[in-house]
Amino acid sequence: MELKAEVIKKRMSKPLRMILKSLGAIAILIVLFLAIVFIVDKVASKSEQGKIEPYGQSVTVDGKKMNVLIQGKGQETVVLLPGYGTAAPALDFKLLIDELSPYYKVVAIDPFGYGLSDRTEKERSTENIVSEIHAALQQLHIDRYTLMGHSIAGIYGLDYVSKYPNEVSAFVGIDSSVPTQPGMDVKFPLTMFKFLKQSGLQRFIVNVGSDPYASLLFDDKTKEQMKMIMNKNANNNTMLNEMKNISSNFKGAQNLTFPKNLPLLLFVQANNTSVEGWIPLHEGQIKDSVHGKVITMDGSHYLHHTKFKEIAENFREFMKGIK
């Protein structure tokens, strides 16, 4: 009886040992893969650091450098603000800037943590972000301008125009966020995003994924620069802090509205299926505006990547009509 039990035990232990060996081999492969990914990311980051070309100029805000690109010499000024996570705002807006700059002085801001600007430990509340952008414009002696913003800049823009009404001559939204849009009370997996950044997996995922710029009209050099700056900036600590504050920033803007007499032009994605009532939400923002208009456009959330000519033309016509 004991002999039989011993035989059964040996028969059972053999497959168990095989399973354990397989699991051990898989664990070793995972560790080896992560080590290679980490090393490749560090080597590539160091190499790319020397290849990123400067653009624009820097101004000092709170003791840190904020990068600003100015193009065009028009009498009127347009200040461009990016959506959340846009790695290199001044380059991301390039196609639109080229359309606007023959007629306007165009100022593209890289907020802290974006583009070539420094990172900051300061909380990414709407109040801090808005005051930093305003301080940069003050440094440049720019005190009258149209504020044109993409995505979450619609939230920051509401606070901005309420604080500096004598400086902002109009607000233009490029598929801009609305404080009451659904789904913005979500808690983001910040720890996971931080791990992806620090481990190098973020670069790996980007490299194996499809090229987001492949079909766009940016020149090859700009595409290459944007990719390198994206690898540098995506999910950095400043951006992750802004992500942490997204819910509270949206909530804080729910009692804000654009001033009735402020010209308000909103370019809105026509086929947004991810946010319920996307177009009516924007129509609600202009309903009390003396000079308010919503223009729907077919395209992605980044309308300025493909509809830059139409945005520039419609903006010019809108401002002529106001005058």
Side-chain angles (χ1 to χ4, degrees), residues 9-54 67 82-89 91-92 110-121 124 151-152 183-184 186-216 218-247 274 300-302 305:
K9 185 178 178 181
K10 286 182 179 180
R11 287 177 179 174
M12 288 178 65
S13 63
K14 187 175 181 180
L16 181 61
R17 286 198 302 271
M18 290 178 65
I19 291 171
L20 290 174
K21 285 181 179 179
S22 298
L23 290 174
I26 292 171
I28 290 171
L29 287 174
I30 291 173
V31 171
L32 184 62
F33 168 74
L34 290 174
I36 293 172
V37 166
F38 178 80
I39 293 169
V40 167
D41 179 60
K42 292 301 178 187
V43 171
S45 295
K46 188 171 183 180
S47 172
E48 288 173 352
Q49 192 173 5
K51 296 177 182 177
I52 293 175
E53 297 181 2
N67 199 69
Y84 173 77
T86 302
L91 298 183
D92 185 79
D110 288 352
F112 287 138
Y114 290 68
L116 304 184
S117 293
D118 288 343
R119 299 173 188 179
T120 180
E121 300 296 322
R124 296 296 79 203
S151 195
I152 202 170
M184 299 316 298
V186 64
K187 289 187 177 181
F188 296 95
L190 301 175
T191 303
M192 182 189 75
F193 289 134
K194 188 171 185 177
F195 171 73
L196 291 175
K197 174 72 171 178
Q198 293 179 341
S199 66
L201 281 170
Q202 180 174 279
R203 180 187 293 273
F204 174 78
I205 293 169
V206 169
N207 287 343
V208 298
S210 58
D211 185 349
Y213 304 115
S215 62
L216 302 179
F218 295 101
D219 60 82
D220 290 341
K221 181 180 178 181
T222 301
K223 289 180 181 180
E224 183 185 14
Q225 288 293 310
M226 286 195 291
K227 288 176 187 176
M228 290 191 292
I229 297 174
M230 179 173 64
N231 284 326
K232 177 177 82 76
N233 284 338
N235 290 331
N236 64 47
N237 288 336
T238 302
M239 280 193 184
L240 289 180
N241 186 271
E242 186 180 356
M243 182 185 284
K244 184 190 78 171
N245 280 281
I246 282 177
S247 179
S274 61
S300 71
H301 178 49
Y302 284 78
H305 284 173

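Just so you know, these numbers use all the heavy atoms, side chains as well, and skip hydrogens, waters and symmetry mates. Just so you know, these numbers come straight off a predicted model, no measurement behind them.
- Scanning all heavy atoms of the two residues, the minimum distance from Leu201 to Phe33 falls at CD2-CE2, 4.0 Å.
- Distance alone, capped at 3.5 Å, places no donor-acceptor pair between the Ser47 side chain and the Val43 backbone.
- Between the Asn231 side chain and the Arg203 main chain, no donor and acceptor come within less than 3.5 Å of each other.
- Looking at Gln225, its side chain does come within 3.5 Å of a backbone N or O of Glu53 through a donor-acceptor pair.
- Taking OH of Tyr84 as the start and CD1 of Ile152 as the end, the distance is 8.5 Å to the nearest 0.5 Å.
- Nearest heavy-atom pair, Asn233 versus Arg119, reported as atom, atom and distance to 0.1 Å: OD1-NH2, 4.0 Å.
- With no hydrogens or angles considered, no side-chain donor-acceptor pair links Asn241 and Asn237 at under 3.5 Å.
- The two residues Phe193 and Leu240 have their closest heavy-atom pair at CB-CD2, 3.8 Å.
- Summarising the geometry, atom NZ belonging to Lys244 is positioned 11.0 Å from atom CZ belonging to Arg124; distances are rounded to the nearest 0.5 Å.
- In terms of heavy-atom proximity, Ser151 sits nearest to Gly83 at CB-CA, 3.7 Å.
- Under the 3.5 Å distance criterion, the side-chain polar atoms of Lys223 are matched with a main-chain donor or acceptor of Leu216.
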List the steps and the verdict of side chain to side chain contact (heavy atoms under 4.5 Å, CB included) for Lys42 and Ile39.
CA-CA 5 Å; Lys42 292 301 178 187; Ile39 293 169; 5.8 Å; no
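- No more than 12 heavy atoms of other residues, nucleotides or ligands shown are found within 6.0 angstrom of NZ on Lys194.
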Apply side chain to side chain contact (heavy atoms under 4.5 Å, CB included) to the pair Tyr114 and Glu242, showing each step before the final yes or no.
CA-CA 11 Å; Tyr114 290 68; Glu242 186 180 356; 2.7 Å; yes
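- Within the structure, side chain to side chain donor-acceptor pair (under 3.5 Å) contacts touching residues 24-37 (residues at least two apart or in different chains) do not occur.
- In this structure, the side chain of Ser117 engages the main chain of Asn67 through a donor-acceptor pair within 3.5 Å.
- At most 12 non-hydrogen atoms from other residues, nucleotides or ligands lie less than 6.0 angstrom from CZ of Phe38.
- Looking at Lys197, its side chain never comes within 3.5 Å of a backbone N or O of Gln202 through a donor-acceptor pair.
- Here the options are Leu91, Asp110, Thr86, the test is side chain to side chain contact (heavy atoms under 4.5 Å, CB included), and the partner is Ile229; only Leu91 passes.
- Judged by distance alone, the side chain of Tyr213 and the main-chain N or O of Asp219 form no donor-acceptor pair under 3.5 Å.
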Starting from the C-alpha separation in whole Å, work towards a yes-or-no answer on side chain to side chain contact (heavy atoms under 4.5 Å, CB included) for Glu224 and Met228.
CA-CA 6 Å; Glu224 183 185 14; Met228 290 191 292; 4.1 Å; yes
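- Atom CG of Leu196 is separated from atom CG of Asn235 by 7.0 Å, given to the nearest 0.5 angstrom.
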